[in-house]
Amino acid sequence: MSEHLMRNYAPLPVTFVRGEGAWLWDSEGRKYLDALAGVAVCGLGHAHPAVAEAVCEQARTLVHVSNWYHIAEQEALAARLTALAGMDRAFFGNSGAEANEAAIKLARLHGRARNIERPAIVVMEGSFHGRTLATLTATGNRKVQAGFEPLVQGFVRAPYNDLEAVRTIAANNPDVVAVLVEPVTGEGGVQIPDDDYLPGLREICDANDWLLMLDEIQTGIGRTGRLFAFQHSDIVPDVMTLAKGLGNGVPIGACLARGPAAELFQPGAHGSTYGGNPLVSRAALTVLEVLEEENLVARAAGLGQRMFEGLKSELGELEGVREIRGCGLMLAVELDRPCTDILQQALEAGLLLNVTAGNVVRLLPPLIISDEEADQIVAITSRLVRDFLA
Ligand SMILES: Cc1ncc(COP(=O)(O)O)c(C=O)c1O
């Protein structure tokens, strides 16, 4: 454990030195099956040859210039992403939190354009939007906020998956200008809202001239079995944020917008030194190409179904298992008790998974896993949960 790193992380006792596909090797030469993918980042697995080649080639050509100049790779990425999402324009930063900061700033400009002095954004209980001051304020988890007060003003909270609560806010708060919401919660424990939730939010936003802003940082880039999770419904958001799977580990965040929201940033309004530089843009473009060439989004849907059914049949009836949830390759086994101890046991069993919200075992495997690897993840997870509850 380094004496020279701040203590904000509590890493498990392992150091990985190499990866390939869904597998990682530690410094002792031990092999692990990765059902976490760097928390929904490495959708194409580790050391994907096409991404590795693109990053190396771009590094040999041009890594960084500055947004003072045109960047062809960034323009190509913006064109591709907006076409895929049905959006108009993109802004690029380096992380999920930074993408959400851009969305929050767009909402405030949208409010100003409507002559609202103190614009407010509806955010949800149990949500996670990042660790910067504005995004931790937007986050619906006191643990993330504690100690960092004073928080940022201009957020109103509603329970997740509760349209009536948002309607009540609409009726009572004329300062609201936007809703920021995850289509499926990630850190909040893989809560999957009712089918009418996003369409209902879309309707409320339309009726009140609010922006519908979707945080697809964890759900995006194929994770849920659609390229973007909103594509499970027939709505389109006004603003969408992406990060994680977009770069397969190369740091990139994106804020996409449509219609008038896409015109709100004018020169000087926002920026990021590294945002969308040639290296990260080339990596993200390659990720999108590979997803398409290898048909990985449909594959994620099929694998997700296979794993969900596997977990259901192995653990569905077990006492202590509250619920099994799945949306593509976002899978969760909610237990009736805190279960972070399972992390160490999983590590010893050669499996990387995650526990979120205290009692939810979460699986976020790469989209490139084979059927056999998917079955192996289900089998080991089921054994670990059974042993843990015994
Ligand atoms: C839904 C969601 N939004 C935002 C973030 C923050 O992203 P980052 O850690 O890249 O700032 C995360 C990270 O877990 C996330 O899951």
Side-chain angles (χ1 to χ4, degrees), residues 6 8-9 11 36-43 91-107 121-141 143-145 148 152 155 157 160-161 178-193 197-198 201 212-224 226 228-230 237 239-256 272 274-276 280 283-284 287 325 327-332 352-358 360 362-364:
M6 290 200 189
N8 54 314
Y9 303 113
L36 184 59
V39 196
V41 168
C42 301
F91 163 81
F92 295 103
N94 310 288
S95 67
E98 211 187 325
N100 281 338
E101 286 279 346
I104 291 164
K105 287 175 78 170
L106 285 179
I121 301 170
V122 178
V123 290
M124 306 306 163
E125 285 166 14
S127 63
F128 184 82
H129 298 296
R131 300 282 192 165
T132 61
L133 275 172
T135 59
L136 74 80
T137 304
T139 291
N141 178 350
K143 266 200 215 152
V144 173
Q145 298 168 343
F148 300 113
V152 175
F155 294 94
R157 208 166 299 283
Y160 191 62
N161 195 25
V179 174
L180 174 63
V181 63
E182 292 162 272
V184 172
T185 71
E187 303 314 293
V190 191
Q191 305 293 338
I192 303 167
Y197 188 53
L198 289 188
L201 289 177
L212 178 59
M213 310 201 297
L214 296 185
D215 178 341
E216 292 241 19
I217 285 160
Q218 190 155 150
T219 55
I221 316 297
R223 173 63 45 194
T224 71
R226 295 280 193 284
F228 308 112
F230 76 77
V239 175
M240 172 172 66
T241 53
L242 298 169
K244 290 191 180 278
L246 180 57
N248 211 56
V250 173
I252 182 167
C255 176
L256 310 187
S272 175
Y274 303 120
V280 298
V287 167
R325 295 186 286 275
C327 186
L329 286 175
M330 281 180 94
L331 294 146
L352 305 185
L353 46 66
N354 182 238
V355 169
T356 187
V360 178
R362 179 173 54 157
L363 302 175
L364 298 162

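For the single chain, residues carry numbers from 1 onward in sequence order. Computed over heavy atoms, backbone and side chain alike; hydrogens, waters and symmetry mates excluded. Note that the structure is predicted; figures quoted are calculated from it, not measured. As the structure lists them, so they are numbered: ligands from 1, and atoms in each ligand from 1.
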Give the numbers and elements of all ligand 1 atoms closer than 4.0 Å to a heavy atom of [X].
| X | result |
| --- | --- |
| A97 | 6 (C), 7 (O), 8 (P), 11 (O) |
| N100 | 3 (N), 4 (C) |
| G96 | 7 (O), 8 (P), 10 (O), 11 (O) |
| Q218 | 16 (O) |
| D215 | 1 (C), 2 (C), 3 (N), 4 (C) |

(message) To the nearest 0.5 Å, what is the distance between OG1 on T185 and CG on N141?
(response)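 Separation between the atoms: 11.0 Å.
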(request) Measure the spacing between CD of Q218 and CZ of R223 and express it to the nearest 0.5 Å. (result)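 The distance works out to 8.0 Å.
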Of the non-hydrogen atoms in [X] and [Y], which two are nearest, and what is the gap between them?
| X | Y | result |
| --- | --- | --- |
| L246 | I221 | N-CG1, 3.7 Å |
| G130 | T135 | C-OG1, 3.1 Å |
| F148 | L133 | O-CD2, 3.8 Å |

(message) Protein heavy atoms near atom 8 (P) of ligand 1, is at least one of them under 4.0 angstrom away?
(response)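 It does; a protein heavy atom is within 4.0 Å.
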(request) Considering only non-hydrogen protein atoms, determine which one is nearest to atom 2 (C) of ligand 1 and report residue, atom name and distance to 0.1 Å. (result)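 Checking every protein heavy atom, the shortest distance to atom 2 (C) of ligand 1 gives F128 O, 3.3 Å.
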(message) Below 3.5 Å, N or O to N or O, backbone or side chain included: is there any such pair between E182 and ligand 1?
(response)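 No, no N or O pair falls under 3.5 Å.
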(message) Less than 4.0 Å is my threshold; does some heavy atom of K244 fall inside it relative to ligand 1?
(response)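 For ligand 1, residue contact (heavy atoms, under 4.0 Å) with K244 is present.
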(request) Could you tell me whether S95 approaches ligand 1 through its side chain, its backbone, both or neither, with non-hydrogen atoms closer than 4.0 Å? (result)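 Both parts.
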(request) Check each heavy atom of E187 against ligand 1 and say whether those closer than 4.0 Å belong to the side chain, the backbone, both or neither. (result)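 For E187, only side-chain atoms sit under 4.0 Å from ligand 1.
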(message) Would you say that more than 12 heavy atoms from the other residues, nucleotides or ligands in this model lie under 6.0 Å from the OH of Y197, or not?
(response)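 Yes, OH of Y197 has more than 12 neighbouring heavy atoms, counting only those of other groups under 6.0 Å.
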(message) Tell me which pairs pass side-chain hydrogen bond (donor to acceptor under 3.5 Å, both in side chains) where either residue lies in residues 239-256, with sequence neighbours left out.
(response)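 Found N100-T241.
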(request) Could you tell me whether R362 and E187 have a side-chain N and a carboxylate O separated by less than 4.0 Å? (result)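 E187 and R362: salt-bridged.
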